[in-house]
Amino acid sequence: MIAKAATLVFGVALILLFTAHPSRAQDAAATLSGTVTDASGKGVANAKVSLKNVATGEAIETTTDPTGIYTFPKLVAGDYEVSASLEGVGAGAGKVTLAAGSRQNLSVGLTAYSSNPRNPSESLPNAPSASQTQPSLGDLGFTPAETEANAKMQALLDKRTHMLKIHQRMGLITTIPLITTVLLGPGAGGKSEGTAARDLHVALGALTGDLYGITAWYAIRAPRVKGTPKRGPIRFHEAMAWIHGPGMILTPIMGAMAFSQKNNGEKVHGFAAAHGPVAIVTAAAFGAALVSVSFKF
């Protein structure tokens, strides 16, 4: 009966692991789209469109479809420069600021190339010198302090997002041995020290503790971003940590005491008697914290 229950829990936990949405990382991805048009306002097909992240300097490219539409999905929040061109038609550019999770539109109109190719810099304010291949951030009006701050902030956000993704995935993995350990608890009693059920219960409990420690480390070590508001699910998620965190420490201590008492032929008593209830409360709080940031309500 216990083996069937364990098999069922493994199946449910694996379904949860592979079907749960990534926490809020997916919600943070922005999308930029728009239309590239010529002087008459008609969409320009096969125009080259480049998107540059101002903070990191990274650029990606795409081309417009037959109606002149372009799309850049899965972008991080920040400031971007958009440029479009098509030989024989012209070029155009624009700037846009993308908020996390937003879907924004920026159309770019192409204008004919300058009729004075010998000195194109004369028509550009704050143009770079002839030795430069592209404008610098200083040419665009950014001070060195602003440029450095933006780059550091973007790096901080990227690191936090990466670590919290690992934190959530490790939390999903931890649910498998956690739930199985709780279900095997009632069958881990008896006076025999070498019972298979008890040994399995202890092994899974130790595995749960190790995985939980890794999960918590990524959450604790993820860099904080000052001024970032915390939404309801995140607040609830952190509140649950004050329950399952101490529970994950107390449960194995109580379990070791109960294990020793059982092996000595004693009835579980004293502090160790709370091992089962504390384990159940800990598992419930951990599950509630996981669900709060894994599903949209």
Review point. Hey, what do you get for CG (L86) to CG (D38), rounding to the nearest 0.5 Å?
Key: 10.0 Å
**Study point:** Nearest heavy atoms of G34 and N105, plus distance in Å
**Key:** CA-ND2, 3.7 Å
Exercise for review: Answer yes or no: is there a side-chain heavy-atom contact under 4.5 Å between L75 and L51?
Suggested key: yes
Review point. Between M170, Q168, M163, which is the residue that forms a side chain to side chain contact (heavy atoms under 4.5 Å, CB included) with I166?
Key: M170
**Study point:** Atom pair CG (L211) and CG (L207), whose distance is rounded to the nearest 0.5 Å
**Key:** 4.5 Å
Exercise for review: Over all heavy atoms of both residues, which pair between I243 and A285 is shortest? Give the atoms and the distance, please.
Suggested key: CG2-CB, 3.6 Å
Check your understanding: Checking side-chain contact (heavy atoms from CB on, under 4.5 Å) for the pair E81/V54: CA distance, chi angles, key distance, verdict?
Key -> CA-CA 7 Å; E81 297 172 359; V54 174; 3.7 Å; yes
Practice item. Give the intermediate values and the outcome of side-chain hydrogen bond (donor to acceptor under 3.5 Å, both in side chains) for residues T63 and N46. Key: CA-CA 5 Å; T63 56; N46 299 319; 5.3 Å; no
Review point. Atom CD in Q104, atom OG1 in T31: separation rounded to 0.5 Å?
Key: 10.0 Å
Check your understanding: Looking only at heavy atoms, what is the nearest atom pair of T37 and V44, with distance?
Key -> C-CG2, 3.6 Å
Review point. What distance do I179 atom CD1 and L204 atom CG have between them, rounded to the nearest 0.5 Å?
Key: 12.0 Å
Practice item. Of all the heavy-atom pairs spanning G94 and L106, show the shortest one and how long it is. Key: C-CD2, 4.3 Å
Check your understanding: Nearest heavy-atom pair of A99 and A77: which atoms, and what distance?
Key -> C-CB, 4.0 Å
Practice item. Output the rest of the hydrophobic cluster of W242: all Ile, Leu, Val, Met, Phe, Trp and Tyr residues reachable through side-chain heavy-atom contacts under 4.5 Å, sorted by chain and number. Key: none
Review point. Less than 4.5 Å apart, any side-chain heavy atom of F286 and any of Y212?
Key: yes
Check your understanding: Taking C-beta and beyond as the side chain, do M248 and T208 meet within less than 4.5 Å on heavy atoms?
Key -> yes
Review point. Do V291 and F236 touch side chain to side chain, with heavy atoms closer than 4.5 Å?
Key: no
Revision key, fill the gap. Rounding to 0.5 Å, atoms OH (Y70) and CG (D65) come to a distance of 12.0 Å
Review point. Closest heavy-atom contact between A219 and L164?
Key: CA-CD2, 4.4 Å
Review point. Hey, are the side chains of V36 and V49 touching, using non-hydrogen atoms and a 4.5 Å cut-off?
Key: yes
Review point. Going from CZ on R160 to NE2 on H167, what distance comes out if it is rounded to the nearest 0.5 angstrom?
Key: 10.0 Å
Check your understanding: Is there side-chain contact between Y80 and I60, with at least one heavy-atom pair below 4.5 Å?
Key -> no
Review point. Just wondering, do T56 and V76 contact through their side chains at under 4.5 Å, heavy atoms?
Key: no
Check your understanding: Does the side chain of T71 come within less than 4.5 Å of T62's, by heavy atoms?
Key -> no
